[in-house]
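Everything below concerns the one structure shown next.
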Amino acid sequence: MADNRIGRIVIVGGGTAGWMSAAMLARALGPAAKISLVESEAIGTVGVGEASIPQLRNFNAFLGLDEDAFLRATEGTIKLGIEFVDWLRPGHRYMHAFGPVGRPLGTTPFHHYWLDARRRGTAGDDFWAWSANALAARAGRFGRVTPGGAEPLTWAFHFDAALYARHLRTYAEARGVVRVEGRIVGVDQDGDSGFLRAVALEDDRRIEGDLFIDCSGFRGLLIEEALKTGYEDWRRWLPMDSAWAVPSRDDAPPVPYTRAWARDAGWQWRIPLQHRTGNGHVFSSAWTDKDAAARVLMDNLEGEALADPRLLTFVTGRRRKSWNRNVVALGLASGFMEPLESTSIHLVQSGLARLLALFPDQGFDPLLADEFNRQTEQEYACIRDFLVLHYKATQREDTPFWASRKAMEIPETLAARMALFASSGRVFSRDEDLFKESSWVQVLLGQGVTPAAAHPMTAVVADAQVDGWLDDLARIAGRAASSLPSHAAFLARAETRLAG
Ligand SMILES: Cc1cc2nc3c(=O)[nH]c(=O)nc-3n(C[C@H](O)[C@H](O)[C@H](O)COP(=O)(O)OP(=O)(O)OC[C@H]3O[C@@H](n4cnc5c(N)ncnc54)[C@H](O)[C@@H]3O)c2cc1C
């Protein structure tokens, strides 16, 4: 019987998406497939993407990467969540912390007991007093193990994306991935099926493949320029289309969380790494011009700029199909929804996991691609809704941008979630929902959506018992956070562990 397996995989692009794909496919397929990666140093990479979510730890673990070695190789730091400043109204701040806040009692989620106790006047307003992650973040502390047997924290990383790509390149090349330097100028396509047969380089080389992974960035060299797949534009909900990015020097110890300040026509990030701080101002060119946006960034830098700011432009949305014929698009080639919740690199990871689950043979059963596209569409839509929530649920009307966000029409799926939470405090995550209940609850509450009523099941437990339990939980979370070493001490120890 003829061997029908995919024997040659060509990855186009050597940014974070390209090298993540190379590393994961090499690890998963071993010598079963010949993997080539084509990239062009002259074109370069997008060069941003420095904040992650906890799932990246699973990706690194799948590859067998040591976490301390990863932190060292990428000048990485720990991220326990994102602090949102001035989003609800100027002067207000809240945190979307990773991990749980409190814990459920029976089948009823924690926040209902907090809501009920707050209504009775026995619990404070600070919902995050029950999040060890948020408390440790505020205190600038981190440790992998929480003394006293409390639940460990939930963490992700800030890292230098270029160094991460280099780290993964070393890994992938050691496992047989062949890097090809050169600019792709064309593709060979089968006349009947439209399937790609090869990519053509400007020096006339041709790289043939059975399966092509398009990681060529925003332009989507294969998925769009060759296959004309189409793009769903989400700017009516997410109007950010530009960002200025600049690194700065920071003499203060790095904090273990990302900061996101709302600005007049967008927002500004601050991501502390070991060797520098990443800063950016994401804005909508419909509400401000690029020179004014650059001034906002530079006027609000803490510390000295280490370079001139760099402008990036994009269209929020997603490719209509991420898998089209024998091309699977990952990373920016498959879509981009702005970096507010650091979801882009995760979408590369989840796309790869999905590809492995639905891995085709040379027959390319269209049902596999259909299922891949269905799941991807759902995942994007859930993330989109979560991002839109940050803009829609605001009290701000002080600038035309914020007034327009507050007044905008939102996807029905989000409107339904917000209405359900506002009336009854209930929120559910769906199959492809990256963000689970704890994330939704934190951002809903943080953005001022306060339920009219707590779950009636809270009445099953006597008030005094609930109050005692809430006090205990807050004490445990507080003790867990305050017993951890400082984030700086943790990073120094990670270095020592590697040296030892
Ligand atoms: C402002 C901003 C902030 C972001 N912040 C975050 C964040 O905090 N967290 C997060 O998860 N994500 C973030 N992202 C997204 C993140 O940067 C990307 O998801 C990630 O870097 C992957 O990019 P990529 O590899 O798809 O594309 P790119 O980095 O653009 O790589 C494209 C590759 O394709 C190659 N290429 C293109 N055309 C050709 C050709 N003709 N021939 C040969 N090679 C070619 C290029 O040389 C390059 O190697 C951010 C994005 C932006 C714009």
Side-chain angles (χ1 to χ4, degrees), residues 10-22 36-56 59 79 82 156-162 164-166 168-169 179-187 199-203 205 207 213-226 240-246 258-260 266-271 273 278-283 293 297 309-316 319 322 329-352 383 434:
V10 178
I11 299 167
V12 171
T16 314
W19 284 112
M20 282 176 78
S21 303
S36 318
L37 182 147
V38 189
E39 66 173 318
S40 160
E41 263 174 30
I43 294 175
T45 66
V46 72
V48 280
E50 303 184 324
S52 61
I53 56 174
Q55 287 82 345
L56 188 68
F59 181 82
K79 174 178 170 186
I82 306 174
F157 313 102
H158 305 121
F159 55 86
D160 182 319
Y164 187 43
R166 197 182 299 166
L168 294 175
R169 175 177 163 184
R179 176 184 179 277
V180 180
E181 169 62 35
R183 182 191 288 261
I184 296 168
V185 291
V187 297
V199 291
L201 305 186
E202 71 187 336
D203 59 6
R205 277 178 296 167
I207 316 288
I213 312 292
D214 187 352
C215 299
S216 62
F218 289 126
R219 58 192 299 196
L221 191 65
L222 310 182
I223 196 81
E224 196 58 53
E225 291 185 11
M240 304 308 181
D241 57 9
S242 314
W244 284 106
V246 70
T258 303
R259 264 179 283 178
W267 62 278
Q268 180 172 340
W269 81 73
R270 183 172 167 78
I271 298 177
L273 307 181
N279 308 273
H281 180 202
V282 183
F283 63 97
L297 176 64
R310 211 159 51 87
L311 183 67
L312 299 124
T313 56
F314 49 85
V315 176
T316 56
R319 204 67 64 194
S322 290
L330 294 171
L332 299 173
S334 124
F336 186 56
M337 288 180 280
E338 80 142 280
L340 188 57
E341 284 279 356
S342 324
T343 44
S344 205
I345 290 169
H346 174 76
L347 284 166
V348 179
Q349 173 182 347
S350 63
L352 283 165
I383 294 173
L434 170 59

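As the structure is a computational prediction, the values presented were derived from the model and not from experiment. Both counts, for ligands and for their atoms, begin at 1 and track the order of listing.
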Heavy atoms only: which of [options] is nearest to [atom]?
atom	options	answer
atom 28 (P) of ligand 1	T313, V48, V46	V46
atom 21 (O) of ligand 1	L201, T16, L56	T16
atom 48 (C) of ligand 1	G47, S40, G44, G217	G44
atom 33 (C) of ligand 1	C215, G186, A17	C215

Heavy atom of the protein closest to [atom] (residue, atom name, distance):
atom	result
atom 38 (N) of ligand 1	R219 NH1, 3.2 Å
atom 49 (O) of ligand 1	G14 N, 2.8 Å
atom 6 (C) of ligand 1	G49 CA, 3.2 Å
atom 39 (C) of ligand 1	I43 CD1, 3.3 Å
atom 42 (N) of ligand 1	I184 N, 2.8 Å
atom 5 (N) of ligand 1	P339 CB, 3.3 Å
atom 51 (C) of ligand 1	F336 CZ, 3.3 Å
atom 37 (C) of ligand 1	S216 O, 3.5 Å

TODO: May I ask whether W269 has any heavy atom positioned less than 4.0 angstrom from an atom of ligand 1?
DONE: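 The answer is yes: ligand 1 sits under 4.0 Å from a heavy atom of W269.
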Open item on the list: Between ligand 1 and E41, can you find any atom pair, the residue atom being a heavy atom, that is separated by under 4.0 Å?
Closed with: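 Judged by the 4.0 Å heavy-atom criterion, E41 does not count as contacting ligand 1.
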Contact atoms of ligand 1, heavy-atom distance to [X] under 4.0 Å:
X	answer
A51	7 (C), 8 (O), 9 (N), 10 (C), 11 (O)
G331	26 (O)
A243	1 (C)
E50	7 (C), 8 (O)
S342	9 (N), 11 (O)
G182	42 (N), 43 (C)
I345	10 (C), 11 (O), 12 (N)

For the [atom1] atom of [X] and the [atom2] atom of [Y], what is their distance to the nearest 0.5 Å?
X	Y	atom1	atom2	value
M240	T313	CE	OG1	15.0 Å
L434	Q55	CG	CD	5.5 Å
D214	L222	CG	CG	4.0 Å
S21	L330	OG	CG	4.5 Å
R169	E39	CZ	CD	6.0 Å
T16	E50	OG1	CD	10.0 Å

Task: Check: N279 side chain, R270 main-chain N or O, donor-acceptor pair, under 3.5 Å - done: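 Answer holds: no.
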Task: Donor-acceptor contact below 3.5 Å, side chain E181 vs main chain E41 - done: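 Side chain of E181 to backbone of E41: a pair is present.
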Polar contact flag for [X] and ligand 1 (N/O pairs, less than 3.5 Å):
X	result
V12	no
S344	yes
R183	no
L332	yes

- [ ] Could you tell me whether L221 approaches ligand 1 through its side chain, its backbone, both or neither, with non-hydrogen atoms closer than 4.0 Å?
- [x] side chain
Open item on the list: Using a 4.0 Å heavy-atom cut-off, which part of S52 comes near ligand 1: side chain, backbone, both, or neither?
Closed with: neither
Open item on the list: Parallel, tilted or perpendicular: which one describes the rings of F314 and F218, with boundaries at 30° and 60°?
Closed with: parallel
Open item on the list: Whether the T258 and H158 side chains hold a donor-acceptor pair (N or O, under 3.5 Å, no angle test) is what I'd like checked.
Closed with: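 Yes, H158 and T258 have a side-chain donor paired with an acceptor closer than 3.5 Å.
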TODO: Answer yes if the side chains of Q268 and W244 hold a donor-acceptor pair under 3.5 Å, and no otherwise.
DONE: no
Indicate the atoms forming the closest heavy-atom contact of [X] with [Y], along with that distance.
X	Y	answer
S344	L332	OG-CD2, 4.0 Å
S52	K79	O-NZ, 3.0 Å
S40	G182	CB-O, 3.6 Å
T45	G14	CG2-O, 3.8 Å

Task: Residues E225 and R319 bridged, charged N to O under 4.0 Å - done: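 Result for this pair is no, no salt bridge flagged.
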